[in-house]
Amino acid sequence: MIAAENLDLSFKELSLDASEENNKILKWNLPLKELYKLACSFYKEKSGKAIHLSYEDNLKLVAFTQQAAHGPLDLSKAPPLGMFDVIGKDRRIAWQQLGTITKLQAMEGFIDLLDRLCPLFKPYVEAIKKDKEEKARRAEQEQIQRTEALAAEKVRQEELQRIENEKNREELHRRQLQDALNQQTYHQFKEYAEIQFPGNPEQQAVLIRQLQNEHYHQYMQQLQAQVATNLARLKSISDGEDDDNPTAVVCENGTSTNETAEFAGPAANTKENSQFEFKEQCDSDNDSGDYAVISPANMWTKADIKLFKQEVMAGKGDGVIRVNHGDTVTVKVPTHEGGSCLFWEFATDSYDIGFGVYFEWGKPPTTEVSVHISESDEDDDTIEEDEEVICAEDLECGPVQSSQTSSVASALGTRNPISIIIPIYRRECHQEVYAGSHTYPGEGTYLLKFDNSYSLWRPKTLYYKVFYTR
């Protein structure tokens, strides 16, 4: 019996040229060289374990491996054998009997002889072939998955880059818009800050930055609400609904804007829904003739409510008013000849109150600030959108039909037109001071409305200041 280790030398010395012709020689659907290597591995592994061959069969197999590794036997180059090396002599005889067959023929002979002597060899090859095919399939699938993952990652990176670029553009646009708004309101807020903190530039700068930031956020809320309102109206028009109560303002150039939210107060569980302020604006109003375009009002809040109340009660402000349940207080502030902007501040004790600002056009009959109290918002001193607000084709109402104008004029006589600057909405002014400003649109009287008509039994204590800047 020849041990399997005898094949080590011939197997290691096997170095055949890997030419395309040799690779094209197949046996059992495998390249001949690959199949031969499998056969040698199988013979080395299983000999004496899973297979038991005769001495002669082992000699033939070893002779095939020698022929495949070195070609035909050349005795002149063969090393001499010892006197008692019987196995060596038998190997050379078996090798010599193969004659001049080629190396490929020797490989094929080894495979055929091993297959004939060991029925387990062919199933072993089939199993390895299937395993190889499965590995190739998995490798191909993994390659496809890697390719898809790389493509998905590339798309994701491109999307992230697009989002980053979009954020950068939005941030640049936001800064440009905020800078433009800051330039428009700087002098107005500077005058207000000088009044609040005289002789303290640092506190003035902090307050100006705070007011500018709040003004920017109010502007963005207004813009978003305007877009939402326009989309809702366009949808209702496309659905064929009648727009019986339009809120858009039609200007000379044909454009229109809707009431937009200016401010949303903090929500509370015991309060009604969040309150929103609405403003209307347009670019031109040349048809109105006598009345200029009203710019939007600015509103912000201050946290030092206790100090504010102390200043008002100490006589440093305009005053303290008790607003009974069901009442509406109107503070009438005429425009001043030397002024260009009106400021207001107010707060209450314990509970909220409604607040709005209107403007009555025309020369004021007096220059004094006056306070008027009414039991409901339906008296002569109050404003009704549908009946009492005269819209002389200004930015609040757009062009007015002649029939409507004549009916309103006949109903109200010679009363001055009134425009809505800030509609009345409830403010959480018992928690912080509410402040605001508005640039004079022209000559007239501001009507600051403090509405407690919705309260059935709670009176409100109102602290307020009003002043103008040049």
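Numbers for residues simply follow the sequence, beginning at 1.
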How would you list all residue pairs meeting ring pair (Phe, Tyr, Trp, His ring centres under 6.0 Å) that involve residues 116-162, not counting sequence neighbours?
Trp28-Phe121, Phe42-Phe121, Phe42-Tyr124

Say you draw a straight line from CZ of Phe450 to CZ of Phe355; how long is it, rounded to the nearest 0.5 Å?
5.0 Å

State which residue, out of Gln210, Glu214, Glu428, Glu345, fulfils the side-chain contact (heavy atoms from CB on, under 4.5 Å) condition with Thr301.
Glu214

Contacts of type side-chain contact (heavy atoms from CB on, under 4.5 Å), residue Glu171, not counting sequence neighbours
Arg174, Arg175

Could you tell me whether the side chain of Leu113 reaches within less than 4.5 Å of the side chain of Tyr43, counting heavy atoms only?
no

In terms of heavy-atom contacts, does CD1 of Ile144 have more than 12 from other residues, nucleotides or ligands at under 6.0 Å?
yes

For Asp304, which residues count as a salt bridge (charged side-chain N to carboxylate O under 4.0 Å, His left out) partner, sequence neighbours excluded?
none

Asn182 and Tyr216 side chains, donor-acceptor separation under 3.5 Å
no

Can you tell me which residue pairs pass the side-chain hydrogen bond (donor to acceptor under 3.5 Å, both in side chains) test with a partner in residues 73-82, sequence neighbours excluded?
Asp74-Ser76

Apply side chain to side chain donor-acceptor pair (under 3.5 Å) to residues Glu153 and Gln157 and explain how you reach the verdict.
CA-CA 6 Å; Glu153 179 65 17; Gln157 292 295 336; 2.7 Å; yes

Report, as yes or no, whether the 6.0 Å neighbourhood of atom CZ on Arg146 holds more than 12 heavy atoms from other residues, nucleotides or ligands.
yes

Under the side-chain hydrogen bond (donor to acceptor under 3.5 Å, both in side chains) test, residues paired with Lys89 that sit two or more places apart
none

Quick one: list whatever passes side-chain contact (heavy atoms from CB on, under 4.5 Å) with Ile163, sequence neighbours left out.
Glu159, Lys167

